[in-house]
Amino acid sequence: METDCNPMELSSMSAFQEDSELNGFEGTDTKDMRLEAEAVVSDVLFAVNNMFISKSLRCADEVAYINVETKEGSRYCLELTEAGLRVVGYAFDQVNDHLQTPYHETVYSLLDTLSPAYREAFGNALLQRLEALKRDGQS
């Protein structure tokens with residue numbers, strides 16, 4: 001199951017999209033990947049054990065590195081660029097230049113391939129949000 005939405009923000013744009021539009025990234029050549037990385041982390045932190053922007057790997061306008069520990073306990077270092085997100089290491093703050101992993105357009109797609117527990121947490125959050133909307137609609 002591939003998902004490209006955040007169940008916590010079904011009624012509004014994701015923080016990733018909001019940051020891009022509010023900062024004038026639409027139609028410009030340069031993005032601050034650190035800001036985008038912060039939005040990525042805040043969007044999916046609920047569905048992983050731990051996720052944070054690397055403090056030891058250099059973030060720049062064109063690249064940011066995010067460390068993630070899945071609910072299964074697996075650790076990854078992710079690279080965020082204009083091309084998307086991909087795994088670049090199998091430990092925090094580790095970049096293996098020889099690793100050839102595919103890019104994913106969204107963090108949701110990437111985590112969906114790495115973590116069955118992410119998929120379950122995402123589905124549960126979506127269900128809770130839908131139930132809350134149903135309750136709100138009935139009152």
Side-chain angles (χ1 to χ4, degrees):
M1 172 174 113
E2 187 168 316
T3 53
D4 281 342
C5 68
N6 177 354
M8 306 309 281
E9 298 180 5
L10 289 175
S11 62
S12 66
M13 293 188 310
S14 73
F16 184 83
Q17 291 169 320
E18 287 173 0
D19 285 350
S20 296
E21 291 176 10
L22 292 175
N23 290 310
F25 291 151
E26 290 283 322
T28 63
D29 293 344
T30 310
K31 289 187 180 182
D32 183 346
M33 286 300 162
R34 183 167 187 83
L35 288 176
E36 295 209 24
E38 289 171 1
V40 165
V41 170
S42 69
D43 274 357
V44 295
L45 195 54
F46 75 95
V48 296
N49 279 351
N50 195 7
M51 190 173 204
F52 57 93
I53 298 169
S54 174
K55 291 180 176 72
S56 64
L57 297 173
R58 188 177 143 313
C59 289
D61 287 343
E62 65 279 348
V63 66
Y65 294 95
I66 302 169
N67 293 313
V68 62
E69 181 180 343
T70 64
K71 294 229 180 242
E72 294 87 356
S74 299
R75 290 183 172 189
Y76 301 94
C77 183
L78 309 178
E79 175 189 79
L80 174 63
T81 66
E82 283 284 331
L85 287 135
R86 71 181 184 111
V87 173
V88 292
Y90 295 105
F92 286 172
D93 299 321
Q94 177 190 72
V95 176
N96 180 343
D97 292 328
H98 301 295
L99 201 57
Q100 299 292 319
T101 57
Y103 282 97
H104 293 262
E105 278 189 39
T106 66
V107 68
Y108 316 111
S109 171
L110 176 68
L111 288 173
D112 190 61
T113 64
L114 297 177
S115 172
Y118 162 80
R119 235 176 282 134
E120 184 178 339
F122 185 94
N124 288 339
L126 180 61
L127 184 59
Q128 289 172 0
R129 179 70 176 133
L130 291 173
E131 287 172 352
L133 289 171
K134 183 179 176 183
R135 277 193 308 274
D136 291 346
Q138 290 176 349
S139 29

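Atom set for the values below is all heavy atoms of this structure, side chains included, hydrogens, waters and symmetry mates excluded.
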> For the atom pair CD (Q100) and CZ (R86), what is the distance rounded to the nearest 0.5 Å?
Replying inline: 6.5 Å
> Partners of E72 by side chain to side chain donor-acceptor pair (under 3.5 Å), sequence neighbours excluded?
Replying inline: T70, S115
>> As a test of understanding, state which of V68, T113, L99 forms a side-chain contact (heavy atoms from CB on, under 4.5 Å) with V87.
In response: L99
> What is the distance from atom CG of D93 to atom OG of S54, rounded to the nearest 0.5 Å?
Replying inline: 3.5 Å
> For the atom pair CG (L78) and OG1 (T101), what is the distance rounded to the nearest 0.5 Å?
Replying inline: 9.0 Å
> Mind checking who shares a hydrophobic cluster with F92, ILVMFWY linked at side-chain heavy-atom distances under 4.5 Å?
Replying inline: F52
> Can you name the side chain to side chain donor-acceptor pair (under 3.5 Å) partners of N50, sequence neighbours left out?
Replying inline: none
> Minimum heavy-atom separation for M33 to T81, with atom names?
Replying inline: CE-C, 3.6 Å
>> If you apply the rule side-chain contact (heavy atoms from CB on, under 4.5 Å), what do you find for S74 with L114, and how did you get there?
In response: CA-CA 9 Å; S74 299; L114 297 177; over 6 Å; no
> When rounded to the nearest 0.5 angstrom, what is the spacing between CD in E62 and CG in D32?
Replying inline: 10.0 Å
> Taking only residues two or more places apart in sequence, or in another chain, which ones meet Y76 in a ring-ring contact (aromatic ring centres under 6.0 Å, His included)?
Replying inline: Y90
> Which heavy atom in N49 sits nearest to a heavy atom in G73, and how many Å separate them?
Replying inline: ND2-N, 4.2 Å
>> Looking at every heavy atom in both V88 and E79, which two are closest together, and how far apart are they?
In response: CG1-CB, 3.5 Å
> When hydrophobic residues are tied together by side-chain contacts of less than 4.5 Å, even through go-betweens, does V48 share a cluster with I53?
Replying inline: yes
> Under the salt bridge (charged side-chain N to carboxylate O under 4.0 Å, His left out) test, which residues partner E69, sequence neighbours left out?
Replying inline: R75
> Nearest heavy-atom pair of A121 and F46: which atoms, and what distance?
Replying inline: O-CE1, 4.0 Å
> Do M51 and L57 share a hydrophobic cluster, counting only Ile, Leu, Val, Met, Phe, Trp and Tyr and linking them when any side-chain heavy atoms are less than 4.5 Å apart?
Replying inline: no
> For Y65 and C59, which heavy atoms make the closest approach, and how far apart are they?
Replying inline: N-SG, 3.8 Å
>> Test of understanding: with side chain to side chain contact (heavy atoms under 4.5 Å, CB included), list the residues that count as partners of E131, not counting sequence neighbours.
In response: L127, R135
> Atom OG in S56, atom CD in Q94: separation rounded to 0.5 Å?
Replying inline: 11.0 Å
>> Applying side-chain contact (heavy atoms from CB on, under 4.5 Å) to L80 and V63, what does each step give before you reach the verdict?
In response: CA-CA 6 Å; L80 174 63; V63 66; over 6 Å; no
> Got a second to check how far Q128's CD is from L130's CG, nearest 0.5 Å?
Replying inline: 10.5 Å
>> Assess the residue pair V107 and I66 against the criterion (side-chain contact (heavy atoms from CB on, under 4.5 Å)); give the C-alpha distance rounded to whole Å, side-chain angles, the decisive distance to 0.1 Å, and a yes or no.
In response: CA-CA 11 Å; V107 68; I66 302 169; over 6 Å; no
